[in-house]
Amino acid sequence: KGGGYPPRIDCSAFAKHFGETGRTFNCFFSQKEEGLVITELDHEEVYMVLLYSIALPLPIFFISILYLIFAYLYIYKGDLQGGVAGSESATQLLLQKEKAEREEKQKKKQQNKMPSLQLQEDDRRQFRSQNYVLHNQFIDYNA
C-alpha cells in the first residue's frame with residue numbers, strides 16, 4: 001500500500017528497490033492503519049504547507065472583520081436605525097404599509113357616508129374641540 005502516496009512516489013521503482021521479502025527500510029507508518037506506510041516524510045514541506053494554510057486565510061479573515069466594523073461604524077451608520085441591519089427597516093416598512101391601508105379604508109368609508117352624516121360628524125368634532133378649549137381655560141395646572 002505504500003506506493004503512490006504522496007503522488008511523486010513511483011510504485012514500480014519502490015517495488016524494485018524495496019520489494020524483496022524481508023528487506024528493511026525506513027518508513028513512516030500509520031498508527032491507525034498498520035498496513036499503510038510512506039517512505040519519505042519531509043517535515044519542512046509539511047510545516048510550510050501548514051504555515052501557508054494558516055498564514056493566508058487568517059489575515060484575510062481579520063481584514064474582513066476590520067472592514068465590517070469600519071463599515072458598520074462609519075459607512076452605513078446613517079442607513080441603520082438600530083437593531084440587526086435591515087430588520088428594523090423591514091418592520092417599519094410593514095407598519096407604514098399597514099397604516100396606509102388603514103387610512104385608505106377610512107377614506108373610502110368616509111366617502112361612502114351620506115353628506116348629511118358627514119356634516120353631522122364634522123359639527124361634533126368642532127364642538128368637542130371648542131368644548132375642550134373652554135374647559136381648559138379655567139384649569140390652573142400649576143396649582
Side-chain angles (χ1 to χ4, degrees), residues 1-19 23-143:
K1 246 186 173 182
Y5 182 83
R8 66 177 175 267
I9 293 177
D10 183 11
C11 290
S12 59
F14 178 84
K16 253 189 213 176
H17 194 337
F18 299 107
R23 172 98 186 214
T24 304
F25 58 92
N26 293 333
C27 67
F28 298 92
F29 62 92
S30 171
Q31 292 177 354
K32 290 185 179 183
E33 251 186 87
E34 294 178 4
L36 180 64
V37 295
I38 56 173
T39 57
E40 295 176 11
L41 181 62
D42 187 1
H43 289 287
E44 184 67 27
E45 180 184 1
V46 171
Y47 174 77
M48 292 307 292
V49 168
L50 186 61
L51 182 70
Y52 289 138
S53 67
I54 293 174
L56 291 178
L58 277 180
I60 293 170
F61 172 74
F62 286 117
I63 289 170
S64 301
I65 294 296
L66 290 175
Y67 172 76
L68 289 174
I69 292 170
F70 175 79
Y72 181 78
L73 293 176
Y74 299 107
I75 297 174
Y76 303 114
K77 186 177 185 178
D79 295 344
L80 301 175
Q81 298 293 325
V84 178
S87 66
E88 190 169 319
S89 58
T91 304
Q92 287 177 346
L93 288 174
L94 286 173
L95 290 174
Q96 289 174 354
K97 184 178 176 184
E98 289 174 2
K99 183 178 177 183
E101 289 173 357
R102 278 193 306 256
E103 289 174 355
E104 188 175 324
K105 284 180 183 179
Q106 197 167 18
K107 283 181 184 178
K108 284 182 181 179
K109 190 177 180 182
Q110 287 179 351
Q111 288 173 354
N112 292 337
K113 286 185 179 179
M114 296 172 52
S116 62
L117 289 176
Q118 184 66 36
L119 287 173
Q120 188 180 24
E121 201 171 291
D122 289 341
D123 285 343
R124 285 182 182 155
R125 241 185 250 126
Q126 186 177 7
F127 173 76
R128 284 187 205 121
S129 65
Q130 289 173 351
N131 193 20
Y132 178 76
V133 170
L134 286 173
H135 281 287
N136 287 328
Q137 282 179 348
F138 301 103
I139 298 174
D140 185 15
Y141 291 105
N142 295 326

CZ on Arg124 to OG on Ser129, rounded to 0.5 Å: 14.5 Å
Qualifying residues under side chain to side chain donor-acceptor pair (under 3.5 Å), relative to Asn131, sequence neighbours excluded: His135
CG on Leu58 to CZ on Phe61, rounded to 0.5 Å: 8.0 Å
From NE2 (His43) to CG (Leu50), nearest 0.5 Å: 13.5 Å
Check: Tyr67 and Ile63 side chains under 4.5 Å, non-hydrogen atoms: no
Between CD on residue Gln130 and CD on residue Gln126, distance to nearest 0.5 Å: 5.0 Å
Contacts of type salt bridge (charged side-chain N to carboxylate O under 4.0 Å, His left out), residue Glu104, not counting sequence neighbours: Lys108
Spacing of Leu68 atom CG and Leu73 atom CG [to the nearest 0.5 Å]: 10.5 Å
From Arg128 atom CZ to Asp123 atom CG, the distance as rounded to the nearest 0.5 Å: 11.0 Å
Qualifying residues under side-chain contact (heavy atoms from CB on, under 4.5 Å), relative to Asp122, sequence neighbours excluded: Gln118, Arg125
